[in-house]
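Numbers restart at 1 for each chain; the letters A, B, ... are given by sequence-line order, proteins then strands. The structure displayed is predicted, hence computed values, not measured ones.
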2 protein chains.
Amino acid sequence: MSDSEQLSSRIHVNPQPSGKIGKSERTRAAILNAAVDFLWTHPFRDMTVNSLMASTGVGRSAFYQYFKDLHELMEILLDTVKGEIMAVTGPWFTGVGDPVVLLRESLDGLVEVCYQQGPILRATTDAATTDERLEKAWAQFIKRFNDGVTTRIEADQAQGLIPDFDARPVAIALNLMDAYTLIEAFGRRPRSKPEQVREALVRIWISTLYGSEWLGNESSNLVRT
Amino acid sequence: MSDSEQLSSRIHVNPQPSGKIGKSERTRAAILNAAVDFLWTHPFRDMTVNSLMASTGVGRSAFYQYFKDLHELMEILLDTVKGEIMAVTGPWFTGVGDPVVLLRESLDGLVEVCYQQGPILRATTDAATTDERLEKAWAQFIKRFNDGVTTRIEADQAQGLIPDFDARPVAIALNLMDAYTLIEAFGRRPRSKPEQVREALVRIWISTLYGSEWLGNESSNLVRT
DNA sequence: ATCTAAAATAACACGATGTCAGATTCTGAA
DNA sequence: TTCAGAATCTGACATCGTGTTATTTTAGAT
């Protein structure tokens, strides 16, 4: 367990089509930032519209001009993280080169992003249990991963790099492992050490898919002999 | 996805110290059963004291004579399932004999219990996000598994059956994988096919710990050669 | 400086919670 | 069988958070 800096990443306003930044945009961003700040220091269950708006300059009811409810706000926060995660895990899904190396890189990136955004992810899954819409958004996010991983496993199976087994259930289990391990490790303070978490996930993925003989030090073997 | 029978298991009253079964005990059991029935057909977020007590003979406010709130009720339901799970996963933790066989047996049992109790488990984790006390009860339950698995891995490492690595982070990841994979698969209808889920979990556990060479058909190899 | 549309607010109705005093229903002793 | 005390149940209330709307305030273009 280690933790020191916690600069919760800020949300910035998109300049308008008109070029200027309106009052509306500023308030909206202020609310989103207040939410991020709040979630770095409190669980989602303690977030009320009141407690949230208290730290902005404006009154409670203004909230509803920007968001339908707290869950819609969470869905928007999820979208920002979703983008980062998709970007960083791309390599293994699409990349060319040694699959083991690519897998390592993707997991590295995933751990890094989740370390930075842990509280948002935890709050999202927490909030999803009380809202059908958000629950579906989360499920869909996970499903994209399940599809991607399944496809990649099947491709590598066709090449004889991965033994033959029913790919989808394994993909689902591994993805759920990632999601909840990372949320558990980084979703609240004190956060676990990222290296330990990464080592564990890498070990499990590689042992399961490519075989533990590929676990040797970092990036030694680039092609199968 | 398959599903047909869904006999949600009933909760029975414990005979009193006096030997008789009081009115109080019957009502209490009725509420618990109503809760189980409800959770087989609705998510926890839709459960209110009102909706719950509607299906018992008694009024809403009687609920509070038996439970502090809905979360305390969930904690009691969790306890019943917890017992079953501990019982069925005992083998691998304490048992003697081929560790791979024992691991298979434990996972078999775990899948079976979760298939029967899926909705209760899902409801528990859902409810845990909105209540600190229940959240801690769940965390403690998981922690017992983490401790047990860590100990077992370290013991087998000492025997050279499992390669040397930091056992605890791997144990945590594997346990979280089990928990959320099973909840996802069996926590609501339609439930997934138990066999597929079991195959996937067994594959991941065995590949990671003992090596994929032990994945051969069911119970062939009893001792390491 | 004025005017208008956007933004913020105050006040309201609603629904769920948890409590409590009083009513009702059991129970078993006479 | 009766009835007193205890156990159980209920209705009514106070509270809290939500989401809406009618109205006021403010920003910024002309």
Side-chain angles (χ1 to χ4, degrees), chain A residues 13-35 38-39 42-76 123 126-134, chain B residues 13-35 38-39 42-76 123 126-134:
Chain A
V13 294
N14 326 20
Q16 278 295 86
S18 58
K20 307 215 67 170
I21 290 169
K23 183 185 186 182
S24 170
E25 284 74 32
R26 251 182 295 108
T27 305
R28 185 189 150 94
I31 297 174
L32 285 168
N33 281 317
F38 186 95
L39 293 172
H42 310 276
F44 176 77
R45 64 169 160 268
D46 291 343
M47 187 163 96
T48 67
V49 178
N50 224 334
S51 68
L52 178 58
M53 298 303 282
S55 50
T56 71
V58 298
R60 182 181 72 87
S61 47
F63 173 86
Y64 296 97
Q65 306 223 311
Y66 298 93
F67 309 98
K68 189 179 157 296
D69 54 26
L70 287 176
H71 294 96
E72 185 181 283
L73 180 150
M74 290 310 303
E75 199 171 337
I76 288 160
D126 283 359
T129 64
T130 51
D131 182 75
E132 187 172 1
R133 191 178 154 82
L134 184 57
Chain B
V13 294
N14 324 20
Q16 277 296 85
S18 58
K20 307 215 68 170
I21 289 170
K23 184 184 186 181
S24 170
E25 283 73 30
R26 253 181 294 106
T27 305
R28 186 188 149 93
I31 297 174
L32 286 168
N33 281 316
F38 185 96
L39 294 172
H42 310 277
F44 176 77
R45 64 169 161 269
D46 291 343
M47 187 163 98
T48 67
V49 179
N50 224 334
S51 68
L52 178 59
M53 298 304 283
S55 48
T56 71
V58 297
R60 182 181 73 86
S61 46
F63 173 87
Y64 296 97
Q65 306 228 307
Y66 297 93
F67 309 99
K68 190 180 156 295
D69 54 27
L70 287 176
H71 294 97
E72 185 181 283
L73 180 149
M74 290 309 304
E75 199 172 338
I76 288 160
D126 283 358
T129 64
T130 51
D131 183 76
E132 187 173 0
R133 192 179 154 80
L134 184 56

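No donor-acceptor contact under 3.5 Å links the side chain of A:Arg60 to the base of D:dG17.
Using a 4.5 Å heavy-atom threshold, the side chains of A:Phe38 and A:Asp46 count as touching.
One atom, NE2 of B:His71, and another, C1' of C:dG18, lie 14 Å apart when rounded to the nearest Å. Whole-Å rounding puts the A:Asp69 CG to D:dG19 P distance at 5 Å. When rounded to the nearest whole Å, the span between CG of A:Asp131 and C1' of D:dG17 equals 16 Å. With rounding to whole Å, B:Glu72 atom CD is found 15 Å from C:dT17 atom P. Rounded to whole angstrom, the span from the CG atom of A:Leu73 across to the C1' atom of D:dT18 amounts to 15 Å. In this structure, A:Phe63 places its CZ atom 14 Å from C1' of D:dT20, rounding to the nearest Å. As a whole-Å value, the separation of B:Arg26 CZ from D:dA7 P is 16 Å.
Considering only the side chain of A:Leu70, D:dT18 comes nearest among D:dT10, D:dT18, C:dA8. Closest to the side chain of A:Tyr64, from the set C:dA8, C:dT19, D:dT20, is D:dT20. Distance from the side chain of B:Ser61 is smallest for C:dC20 among the nucleotides C:dG18, C:dT9, C:dC20.
Contact between the side-chain N/O atoms of A:Tyr66 and the OP1/OP2 oxygens of C:dA7 is not found at any separation under 4.0 Å.
Using a 4.0 Å heavy-atom cutoff across all strands shown, B:Thr48 reaches sugar-phosphate atoms only and no base atom.
Residue-to-nucleotide proximity on DNA chain C shows that, of B:Gln65 and B:Lys68, the 5′-proximal contact is made by B:Lys68.
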